[in-house]
Amino acid sequence: MKKILETFLGILTAMGGFVEIGELTFTVNAGSKFHYRLLWVMMLGTIGIMVFCEMAGRIAAVRKLPVFQIVRERTGFSLGLLTLVSASAVCLLTCAAEIGAIAMIWQLLSGWPYRALILLALAFLLLSVWFLSFRWIERVFGLGGLLLIVYIVTALKLAPDWGTLAAGLVPTLPDRGSGQLTVYAFFAVALLSSIMLPYETYFYASGGIEDEWKPSDITLNRVIVLIGFTLGALLSVSLLVLGSEFFGAREIEIARPGSAALAPAWQLGQHGLLIALLGMFFAFAGAAIETALSAAYNLAQFFGWPWGKHRAPAQAPRFALCWIVVFVLAALVVSTGVDPVQVVEYSIVFSIVILPLTYLPLMLVAGDKRVMGQHVNGPLAATLGWGYFVIITLAAIAAIPLMILTHGGEG
Amino acid sequence: MSRRHLGLACEVLDHELVDSDGLPCGMVDDVELAGDLGSSLKVTALLVGPGAWGPRLPALLRLLVRLVWGARRTRVPWAEVEHVAERVHLRSRATELGLGVRERKARRWIAWIPLNEHEPQ
């Protein structure tokens, strides 16, 4: 019974924690610009994050090895350090964007000054991580993020043409002569990156070790990844529908995260608006915590410090100082007045650039029979794993040139 | 260096060190080898700290590491190694081996924050 409850909660928290500010803005704007033409990228990304997290979770369950310990062991100190610095910078930028987005949501609800709300958000996040255990952080913010189901309800009420939506699963290019090809390519890469954010894997694998996963938890890992992420992807698809049917039809481009709540407000009234804003708050706060903790996990695992939320801060002091510093720096970044949506655009593009550097070492360990024994990658995991390595490497090479060519997707 | 010792050096380099209490206490940042000309080399100690990992970086970064983190290097004699698996397990506690110095300094900072000893529920 306990196992069933744990699996059920795992699925729900994986679903509720699937969407964050980057995915929200890119998906809605992708729907607004290209309707359902990028649905295939979302499917590709969802299967990709399943493959990536399943491997990381399996390694954590079998060998208790977290991501950055593997990165250092397999790629050596210098390349590992480069990966660590890049991953920490991306975590910091993403955390900054999430804090800015929380302040914007609170501003919509309260009308208070933005910078004061950044400070309040910082205090809220620091206290939450200080006092809550890993399990409760997952539950509170993952389950709170489920309020985003209001977007699925809104999407259903908008009654999309299901045939056109399903046709989006087959890759098609924009109309010839529209001059939108590079923008389409940029959105494809950014959308893939926003779904396959590397910090999710750092957090997921470290979480498996925090939750003391054993080899017998491999099934739990697979069920959470397969069902939880599929349900999370449904949330993303509903955002694409909103982008196409609501924002695209009115030629609105989302410049602020709270704008996404306009669609539920239009369809469901004041209650829809409040539920959407609350859901976004939980999702963004959860992502802010995940990114700050991920940066601390990575540093501690790379240098061999005691780490984990299961330890009191005094027992893992450098780990605790790291996540505190990440939160403070992230709040300082957004306090400068920089637009959180722009910050997240950069962090998403750089995320895909560094993704192969953490993906490859995991692939090597998951496919190493000496390390994994009977739990080594099977033919399906190996084929998918290497296939995705090629895809993300191509996307990583194309990401920065596409960002420059399209001026960050503006065309 | 014999193939066996080369293998051993590769097996422990960049692996986590765990002390006799089961606590992580650093990484194997470098290994110390000993041996005469013509004879095989042996791993005699594990080296830990910025003074051990700094020299593995390109010249400019080496200088930066020295300026920011110093050149502290802790030597853990090979005799202190109990066994090698995914992690390198040591026979003694980190404090007895001179490891985890910065961890203890960081603890003093954390001690300023109330309820730093509580284990989150």
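Computed over heavy atoms, backbone and side chain alike; hydrogens, waters and symmetry mates excluded.
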Margin query: Does atom CZ (B/Arg91) have a neighbourhood of more than 12 heavy atoms from anything else shown, all under 6.0 Å?
Written below: yes
Check: Is it the backbone or the side chain of B/Trp53 that comes under 4.5 Å from a heavy atom of chain A, or both, or neither?
Finding: both
Margin query: Counting only heavy atoms from other residues, nucleotides and ligands, does the tally under 6.0 Å from CG of B/Leu67 exceed 12?
Written below: yes
Margin query: Does atom CZ (B/Arg75) have a neighbourhood of more than 12 heavy atoms from anything else shown, all under 6.0 Å?
Written below: yes
Item checked: Atom of A/Gly304, atom of B/Met27 and distance for their closest heavy-atom approach -> N-CG, 3.6 Å
Checklist line | Over all atoms of both residues, closest heavy-atom pair of B/Glu103 and A/Trp305 | finding: OE1-CB, 3.9 Å
Checklist line | Contact listing (chain B partner; residues 82-91 of chain A; heavy atom under 4.5 Å) | finding: none
Check: Excluding sequence neighbours, so at least two apart, what forms ring pair (Phe, Tyr, Trp, His ring centres under 6.0 Å) with A/Phe389?
Finding: A/Trp386
Notebook entry, point to check: Highest number of heavy-atom pairs under 4.5 Å with chain B: which of A/Ser78, A/Ala320, A/Ala314?
Noted result: A/Ala314
Next item on the list: Would you mind telling me which of B/His15, B/Glu11, B/Glu86, B/Glu16 makes a side chain to side chain contact (heavy atoms under 4.5 Å, CB included) with A/Glu73?
Entry: B/His15
Notebook entry, point to check: What part of B/Pro114 is in contact with chain A, defined as an atom under 4.5 angstrom from a non-hydrogen atom: side chain, backbone, both or neither?
Noted result: backbone
Note to self: If I measure from the heavy atoms of chain A, does B/Leu17 come under 4.5 Å with its side chain, its backbone, both, or neither?
What the structure shows: neither
Checklist line | Other residues, nucleotides, ligands: >12 heavy atoms within 6.0 Å of B/Arg104 CZ | finding: yes
Check: Where does A/Leu81 contact chain B at under 4.5 Å (heavy atoms): side chain, backbone, both or neither?
Finding: side chain
Check: For the residue pair A/Gly76 and B/Asp14, what are the closest heavy atoms and their distance?
Finding: CA-OD2, 3.9 Å
Check: What distance separates B/Ile110 CD1 from A/Gln315 CD, expressed to the nearest 0.5 Å?
Finding: 11.0 Å
Margin query: Between B/Val28 and chain A, with a heavy-atom cut-off of 4.5 Å, which part of the residue counts as in contact: side chain, backbone, both or neither?
Written below: backbone
Margin query: Please determine whether side-chain contact (heavy atoms from CB on, under 4.5 Å) holds for the pair A/Gln69 and B/Arg87, giving the CA-CA distance in whole Å, both sets of side-chain angles, and the decisive distance to 0.1 Å.
Written below: CA-CA 10 Å; A/Gln69 205 171 317; B/Arg87 294 166 175 85; 3.6 Å; yes
